[in-house]
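Bear in mind the structure is a predicted one, so any value in this text is a computation, not a measurement.
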Amino acid sequence: MQAIILAAGMGRRLGEYTRDNTKCMVQVGGERLIDRLLRQLSRLSLSRVVIVVGYQADNLKSYLDAHYEGELTIEYVENPIYDKTNNIYSLSLAKQQLQEDDTLLIESDLIFSDRLFTMILEDKHPNLALVAKFESWMDGTMVRIDAERNIVNFVPKKAFNYADVDHYYKTVNIYKFSREFSRNVYVPFLEAYCKALGNNEYYEQVLRVITLLDNSNLKALDIGNEKWYEIDDVQDLDIAETIFAENEEMMRRFNYRYGGHWRFPKMLDYCYLVNPYFPTRQMKEELRANFDTLLTEYPSGMFVNSLLAGRYFGIRQAYSVVGNGAAELIKSLMERTEGRIGVVYPTFEEYPNRLRKEQIVSYYPDNADLSYGADDLQNFFDDKDIQTLLLINPDNPSGNFIPLEDVVHLTEWCGERNIRLVVDESFVDFSDNFEKNTLLRNDLLERYTNLVVMKSISKSYGVPGLRLGVLASSDIELISWMKKDISIWNINSFAEFYMQIFSKYTAEYNKACHKFIAERRRFRECLDAIPYLRILPSQANYFCCEVTDKFTSAELTMFLLERYNIMIKDCNSKKFLQGKNYIRISVRNQEDNDRLVQALKELAEI
C-alpha cells in the first residue's frame, strides 16, 4: 500500500496564509496540515508516500526532506504548470506510480480524525471513497449511493440540485484504489478524459464517468460523526481550528462566536434559547414560497414595522418600536438611560454591559435558588437612589419568575418614586398560564407611563435568524426618540413578512407553547435523576443547575463538548455566579433532551 498526496495547488483564497507557501503548510492548532497528514500516514505500513508538488514546491520539499528523512520514504512528482491546470493533471503526472501499488489517494488541504485511515483500510472493498452526509457548509463534488453502498453518480457543482440534498453525500477526498482498478480502469479513463477535455478539470470527473459503467466496483463508506474539514479559505481555516481545538481552546473558540453554531451541524447546542416547536412547517413553507420577492425587494421601514408589531402584540402603533433583535433596542435604550439603575444579578448582561459601572446599583438574591419576588426588590431598593429598575422576567439565567399581579404592584411602586421600570419579558411565553402573563397590553402601558417592556421575538417564537425584537411604552417621547435613533431600515424583508403573516398562526403558536411547557416538566424530572446536579425552579426555556459533585461547571461543560459534541453554558462568566459551579441548560425537543440526559448519566459513571 502506498499514498499519493495532491499538493500542487496555489490556495489563492487563503490569501496571506499561502503567499509564501503551499496550502498544506498552513497550520491548524499549531500543526501544519502536511505534518498532521504524514504523522497519520506514518502509523500505516506504507511502501512510500508520493507527493505531487507545484506551487512553492522547493519550500515544501526542503521542509519535508529536513523533517522526515529516515522516517518515511517520500517521492515527489512535480507539476510545472500548476497555475494553469487542475488536479486531474496533477494526478495524471503520477499515473505511473498510481499503477504500481494499492493506493490511498488524499488531497492535502484536509484535516480529519485519525480514525479515517483505519476505517478505509479495514473495509473489505478494494476501491472505496470516504463520504459524509451532506451538510450546508459543504462544497464541491457530491455523490449518490445505493443500498449496497455503490456510488451510482458523481454530482458536479453545475448539476447540484438543492431539492436532492437529502440524498447527497460529500466526497471527503480520501480514496482507496487497488492496483488492478488503477491499471485496468482508472488510468485508461484518465488518459482518455485528459485527451478529450484537457487538463483544467478534476480527477473526480473521471470517477463520474466510471460510475456510469454497469459494474464500476467503486463503493462508498460513510464516515458518520468522525471529524473532518476541507480548508479552502480563511473561514474554513477558522472553523477547522475550532473543530479540532482541545480543552479550553475549544471552548474559547466556540464562545467567541456568540452564536453561528449552525456551521457545526453535528453539535447539539444547549445554549440555544428558542422554542423548539415553532414556527410550524406550514409557516416555514409560506416564507419559502415568498423567498424570491423578499430577497429582491426593500423592507417598508419603521412606520410599517411598528404598525405590524402593534398588530402582532395587540398594542397601539404609537407605543411600539421594532428592533434588529432586542440587542439593538437594548443598546439604544441603555445609552439613553441616565442616572443610576437597579440591576438584579445574575442577569442577562447585555443590559449592564451598556452602562457605566458607577450607574449600577446591584441586588443579589440571598438564597440557594437565586429566587426573589417584587417585595424583595422593593425592600432592597426602597432607600436606594435609582432612576431606573431593570427586571428580566423570567430571569436569565436563573429562570426566576414574578407573577403579573406582583409586577404590576412593582410598577406602581416605581411610579410613586419616579422610577422607570424596564421589564424584559422575552421568555414570558414559556411560563405557566403564559397567555395571562404579558405586560404588552394597552391598558397597562397607558396606566403606567413609567413602564417599558422589552421582548425578543427570537426566543419564544423560534426565529433568531430573523433578528426581531420590540420595545413598548406609552412614553411617546421615548418611543419617538428611539425610532429616530435606529436605522429606518433596521429589519429586513423576511422579518417584516414574518410579522405580517404571524396572525394566521396564533393558534399553532399557543399549542407550541403548551407543548413546550409539558416537555419542560418532563425534562425537569429527567434532570432531577442526575446525582451531581441540583435543578433550580424555572419558568423559562432553560434550567439553571448547580453542579454539586464530581465536576466543576467548567469540567462538565468540557466533557459534554469533547465526548458528546453537546454544548451547554458554563455560568462561571456571569457576575455573582463566578466560582459557584452553575450551568444553564436550554430545553429542546424530547429527542434532543433525552440525548443530553443519557450523556449526563454516562458521565456519572466515570
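In this structure, Arg417 contributes its side chain and Trp413 its backbone to a donor-acceptor pair below 3.5 Å. Side chain of Asp432 to main chain of Gln539: no donor-acceptor pair is present (N/O by atom type, distance under 3.5 Å, no hydrogens or angles). The closest donor-acceptor contact from the side chain of Gln578 to the backbone of Asn572 lies at 3.5 Å or more, if one exists at all. With hydrogens and angles disregarded, no donor-acceptor distance shorter than 3.5 Å links the side chain of Glu328 to the backbone of Asn490. Within the 3.5 Å criterion, the main-chain N or O of Pro299 finds a donor-acceptor partner in the side chain of Trp489. Between the side chain of Ser320 and the main chain of Ser306, a donor-acceptor pair closer than 3.5 Å is present. Side-chain N or O atoms of Asn450 include one that pairs as donor or acceptor with a backbone N or O of Thr411 at under 3.5 Å. Between the side chain of Asn275 and the backbone N or O of Ser460, at least one donor-acceptor pair lies under 3.5 Å. Listed for the Arg588 side chain is a donor-acceptor partner under 3.5 Å among the backbone atoms of Asp269. Without hydrogens or angle criteria, Asn290 side chain to Glu286 main chain gives a donor-acceptor distance under 3.5 Å.
Of all heavy-atom pairs between Phe434 and Val428, the closest is CB-O, 3.6 Å. The shortest heavy-atom contact between Leu389 and Ile419 is N-CG2, 3.7 Å. Heavy-atom minimum distance, Ala309 versus Val470: CB-CG2, 4.0 Å. Considering every non-hydrogen atom in both Ile402 and Ala374, the closest pair reads CD1-N, 3.9 Å. Shown here for Met267 and Leu561, the closest heavy-atom pair between the two residues is SD-CD1, 3.9 Å.
Contact annotation: the side chain of Glu425 never approaches that of Asn437 to less than 4.5 Å [non-hydrogen atoms, C-beta and beyond]. Contact annotation: the side chain of Asp375 never approaches that of Asp406 to less than 4.5 Å [non-hydrogen atoms, C-beta and beyond].
Side-chain N/O atoms of Asn589 and Glu519 include no donor and acceptor closer than 3.5 Å. Judged purely by distance below 3.5 Å, without hydrogens or angles, the side chains of Tyr542 and Arg520 never pair a donor atom with an acceptor atom. Tyr372 and Ser398 share no donor-acceptor pair across their side chains, judged by distance under 3.5 Å alone. No side-chain donor-acceptor contact under 3.5 Å links Tyr461 and Tyr505. Side-chain N/O atoms of Asn593 and Tyr270 include a donor and acceptor closer than 3.5 Å. Judged purely by distance below 3.5 Å, without hydrogens or angles, the side chains of Arg467 and Asn492 never pair a donor atom with an acceptor atom. A donor-acceptor contact under 3.5 angstrom links the side chains of Gln387 and Asp385, judged on distance only. Ser371 and Asn400 share no side-chain donor-acceptor pair at under 3.5 Å.
Using a 4.0 Å cut-off between charged side-chain N and carboxylate O, Glu591 and Arg595 make no salt bridge. Between Arg253 and Glu241, at least one side-chain N (NZ, or NE/NH1/NH2) sits under 4.0 Å from a carboxylate O, which counts as a salt bridge. Ionic pairing of Glu525 and Arg521 is not present here: no N-O contact between side-chain nitrogen and carboxylate oxygen is shorter than 4.0 angstrom. Salt bridge Asp475/Arg420: present, at least one basic N to carboxylate O contact under 4.0 Å.
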Check step by step if side-chain contact (heavy atoms from CB on, under 4.5 Å) holds for Leu560 and Leu603.
CA-CA 9 Å; Leu560 285 170; Leu603 288 175; 3.8 Å; yes

Could you walk me through whether Leu466 and Ile491 pass the side-chain contact (heavy atoms from CB on, under 4.5 Å) test, one step at a time?
CA-CA 8 Å; Leu466 292 182; Ile491 70 169; over 6 Å; no

Report the C-alpha distance between Lys459 and Asp429 in whole Å, list the side-chain angles of each, state the deciding distance to 0.1 Å, and finish with yes or no for salt bridge (charged side-chain N to carboxylate O under 4.0 Å, His left out).
CA-CA 9 Å; Lys459 308 297 190 296; Asp429 290 355; over 6 Å; no

Please test Val453 against Leu444 for side-chain contact (heavy atoms from CB on, under 4.5 Å), starting from the C-alpha separation and ending with a verdict.
CA-CA 11 Å; Val453 183; Leu444 293 177; over 6 Å; no

Step by step, would you call Thr506 with Asn510 a side-chain contact (heavy atoms from CB on, under 4.5 Å)?
CA-CA 6 Å; Thr506 304; Asn510 290 337; 4.1 Å; yes

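In Lys515, the NZ atom is not crowded: 12 or fewer heavy atoms of neighbouring residues, nucleotides or ligands sit closer than 6.0 Å. Lys331 NZ: 12 or fewer foreign heavy atoms inside a 6.0 Å radius. Around the NZ atom of Lys504, the shell of radius 6.0 Å holds more than 12 heavy atoms that belong to other residues, nucleotides or ligands. For Asp443, the CG atom is densely surrounded, since the number of other residues' heavy atoms within 6.0 Å is greater than 12. Other residues, nucleotides and ligands place more than 12 heavy atoms under 6.0 Å from the CD atom of Glu350. Around the CG atom of Asn353, the shell of radius 6.0 Å holds more than 12 heavy atoms that belong to other residues, nucleotides or ligands.
The ring pair (Phe, Tyr, Trp, His ring centres under 6.0 Å) test with Tyr345 is passed by exactly one of Phe576, Tyr364, Tyr351, Phe380: Tyr364. Only one option out of Arg263, Lys170, Lys266 pairs with Glu135 in a salt bridge (charged side-chain N to carboxylate O under 4.0 Å, His left out); it is Lys266. Between Leu404 and the choices Asn393, Leu439, Asn433, the side-chain contact (heavy atoms from CB on, under 4.5 Å) rule is met once, by Leu439.
Aromatic rings from Phe348 and Phe427 are positioned such that their centres are separated by 6.0 Å or more. Two rings, from Tyr509 and Phe502, have their centers less than 6.0 Å apart. Two rings, from Phe494 and Phe291, have their centers less than 6.0 Å apart.
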